[in-house]
Structure formats: structure tokens, C-alpha cells
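When a ligand or atom number is given, it counts from 1 through the structure's own listing order.
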Amino acid sequence: MKPFNRRRFLATTLRAMTLAPFLGVRPALAEDTFRPLRTVAVEHGLSFGFAIDPAQLDTNPIYRDFVARQAGIVVPENALKWAQVHPAPDRYTFAPVDRIVAFAQANHQRMRGHTLCWHRALPDWVTHTVTPANAKEVLTQHIAAVVGRYRGKIASWDVVNEAIQLDDGQAGGLRDAFWHRMLGPGYIDLAYDAAHRADPDASLCYNDYGLESDSPAGTRKRAAVLALLRTMKQRGVPVHALGVQSHLRAADPHSFGPGLATFLRQVHDLGLSVYITELDVDDSHVTGDLHQRDAIVAGTYKRYLDLVLGTGTVSTVLTWGVWDTVHRTGATPSMGPSAQRALVFAPQGVIKPASWVVEHSLAWRAS
Ligand code: XIL
């Protein structure tokens, strides 16, 4: 590996920061020297990519070209959630996902699936017609149909998403989620077994948020997730990876801490891979002009990636979206109408300070 060249890094970063306000009109200035993140990642044994929107792929050629150039792995942000992909008992909406699969194959990208079993994004027909008596059949059939269709094409799945919620007071810290109410704690093993049957080669992931912080709540949640994963492994459940969502808050010292590195090593010691699945940096509370906000967001990306990549346990990094959009929803829904600068690229794929620091973190991670 090349030695760390702090001078070169500082020069490019400062140049990018100085240029940032002008990049909207002169993106080519930075594009000339910026290397695609997918290439940089692969050179260092990592995979980098985005959560993507099939409607944008269909309609926006700039988006399409940019995703092809920068991402080595893609995941549909919403298109595989139950309400979207299975809106009626006898109807699946596979077409948008099929188009992402075709796009990913054409561009030699890997693909992740998100998500098979979650307390959110359930269509009304599920919440109205599923009972403890038929829940097992409905859940396993959904998983068999969706995973089966993409067998050999979707390399890893978020099988169960966000199952831990300590405030709910359930055994094991499990969330009082719909599937838990229907089937009890056994729904988790059931979901992984069904996914494994449908594609024995897929990497099956448990995905959650709130694991990043060293706060008392974050520490307790990590312990509950670790215990869940450990007991699943002991029972022989096919779980292969942990997804750490990584929705961060800019310049917040409590957003993440060094305890996360210890946690990732413990997860890795269980024989699991670690994916950073939904990385973004909420800057809605940050005051200052665009230039200052971009510098703060970049700093947060840098500290976070250096921490998690420094453990040597992380194989994959995906950001939750391709570039900044004015109205971001979901990960940080209370942002209001102000433009957000949460992602690694500015609108239309324009390079910004976070782009440079992510390139640097991917390239210079400790190995
Ligand atoms: C969010 C999407 O980004 C939004 O577009 C959607 O309206 C709601 O869901 N954790 C997850 C993701 O696992 O699926 C969520 O995505 C963000 C939080």
C-alpha cells in the first residue's frame, strides 16, 4: 500500500473545499481528478455503492451514468419493501426491481436486497388479514417468492430489519413488531431459514440503526444485537452479516464513538461480515453557509469511515441515496424544506468535500 500522503490529501481536500461554492457551474474542474469511488474501493478490498431509485434510473440519464460510474453495489431504497413489491395478496410488482437488476448486471455491479421482514412498509392487506394462524405461511411465501425470483442475482439480503427496540420491554430486547405479535420471537429464525432455502448462496444480513453511538441507549442496543446474533449462530440460523445503518448527525460527538469499533470486532469474531448499509450525515441542525456545512459533513464522514474501516471488519459501504436532494425523506424525516447536504455528492453528482474525504478514507483505510 502506498504511504499516507497527507500533503496530497490536504491539497486536494482544500482545493475541493475552496471550489465547492463554484462547482455548481464548473463541475468539470473537480471531475477531472476525482476517481470513481467503486474503483478506489475495489482496489482496497471494499465495495462501495448507493441506495437507488428505479424511477430516477428510468428518467434521468445523468443519474444513470453517475450510478454506473461510482457504484460497485446497489440496493433499491424502497422498491423491495413489502408494500411496494407485494401490494396485494396475489400481486407482486417486480418490474422496477427487474430493471435495477438488469442495470446492475449491465454495469457489473453487485446488488443487495432490502428488506424482507420489517415492522414498517407493510401493506394494509397484511396488517388486516394476517393472523397468528396464517402468519408463518404468508411470511415464508413472501420470502420464497421474492428471494427465489432473484436467486443468484441479488447477492445479499437484509432479511430482518430493525428487530431490536429495548423500550418495548420484550424478552431479548425484541421490538413489539407486527411479525413478533403474530409469531413470537421465532419469526426471526423462520425468516432466515426461508431466505436461505430460496437462495442458499445469498449472504443473509441482520440490519439495524442506533448501533453507532456510545450513549447508554446505543451501548444497550449493541449488547442486545450481539446477543441476538450470537444465539442465532448457536442455533445454526443462516445469518451471515450485520448491517450497521449509519444514519449519522453532523458534528454530533454522541453520534458515534470508539465503542463501535469494539462492537464490530465482536460481531466479526462471531464469523459475521459487517456492512455499512445506509450511511448519511444529517446536517439539518447545522447553521452556517453551504461551504461551512459541507466542511462539517465531510469531517463527520471522515471520522466515521476512519473508525469503522480501521477495524478491518467492514467489507461494504453504501450511502442511503446517490446525491443530495432538497427534500430528503425517511432517514431524517423532520428536516423541513431546507436543502440537505447529507450525502457524499452534491446534486447531479457534483463533487463536494465529502466526496474527497470518502475517497481518501476508502483508499487509506488501515488494513
Ligand atoms: C426510508 C426511505 O429512505 C424513504 O424513502 C421511505 O419513505 C421510508 O424508508 N431505515 C431503513 C430504510 O431500513 O428502509 C429507511 O428508508 C430509512 C431507515
Side-chain angles (χ1 to χ4, degrees), residues 49-58 60 63 67 71 73-87 93 96-97 100 111-124 126-127 142-143 146 154 156-165 174-175 177-180 188 191 195 204-213 217-218 221 225 228 239 241-249 255-256 274-284 304 316-337 339-345:
F50 306 122
I52 63 170
D53 172 7
Q56 289 283 317
L57 272 194
D58 293 344
N60 185 345
Y63 183 93
V67 173
I73 184 164
V74 292
V75 61
E77 181 171 345
N78 291 308
L80 272 167
K81 290 174 184 172
W82 197 311
Q84 299 222 5
V85 79
H86 195 176
T93 316
V97 183
I100 298 182
M111 203 174 147
R112 305 200 68 240
H114 173 85
T115 176
L116 299 166
C117 188
W118 193 26
H119 62 287
R120 290 172 57 192
L122 287 171
D124 286 347
V126 168
T127 50
H142 172 84
I143 292 174
V146 177
I154 292 189
S156 85
W157 281 96
D158 291 335
V159 177
V160 173
N161 196 32
E162 304 180 351
I164 297 292
Q165 172 55 275
L174 291 182
R175 182 186 295 276
F178 179 78
W179 297 109
H180 184 263
I188 297 181
L204 304 183
C205 181
Y206 173 73
N207 193 49
D208 214 333
Y209 67 91
L211 304 172
E212 302 81 9
S213 169
K221 190 157 182 174
V225 166
L228 172 70
V239 59
L242 172 70
V244 181
Q245 290 188 7
S246 311
H247 295 295
L248 309 177
R249 255 170 76 86
S255 196
F256 57 90
V274 178
Y275 309 145
I276 303 298
T277 48
E278 304 184 14
L279 180 59
D280 58 10
V281 178
D282 176 6
D283 69 331
S284 57
Y304 188 71
T316 305
V317 177
L318 294 113
T319 64
W320 205 238
V322 174
W323 57 50
D324 296 329
T325 52
V326 174
H327 300 287
R328 259 181 85 68
T329 56
T332 47
S334 61
M335 285 172 170
Q340 293 304 316
R341 309 281 292 177
L343 291 168
V344 172
F345 296 97

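Take His114 and apply the ring pair (Phe, Tyr, Trp, His ring centres under 6.0 Å) test, not counting sequence neighbours, and it matches Trp320. A search for ring pair (Phe, Tyr, Trp, His ring centres under 6.0 Å) contacts involving Tyr206 returns nothing, not counting sequence neighbours.
Between Trp320 and ligand 1, at least one pair of N/O atoms sits closer than 3.5 Å. Ligand 1 has an N or O atom lying under 3.5 Å from an N or O atom of Glu278, backbone or side chain.
When the heavy-atom distances from atom 15 (C) of ligand 1 to Gln245, Lys81, Arg120 are ranked, the shortest goes to Lys81.
Aromatic ring centres of Trp323 and Tyr63 lie closer together than 6.0 Å.
Taking both residues in full, the closest heavy atoms of Arg112 and Pro76 are given as O-CD, 3.3 Å, listed atom of the first, atom of the second, then distance.
Looking at Thr115 against ligand 1, nothing comes within 4.0 Å, counting heavy atoms. Under 4.0 Å from ligand 1, the heavy atoms of Asn78 that appear belong solely to its side chain.
The distance from atom OG of Ser156 to atom OH of Tyr275, rounded to the nearest 0.5 Å, is 4.5 Å.
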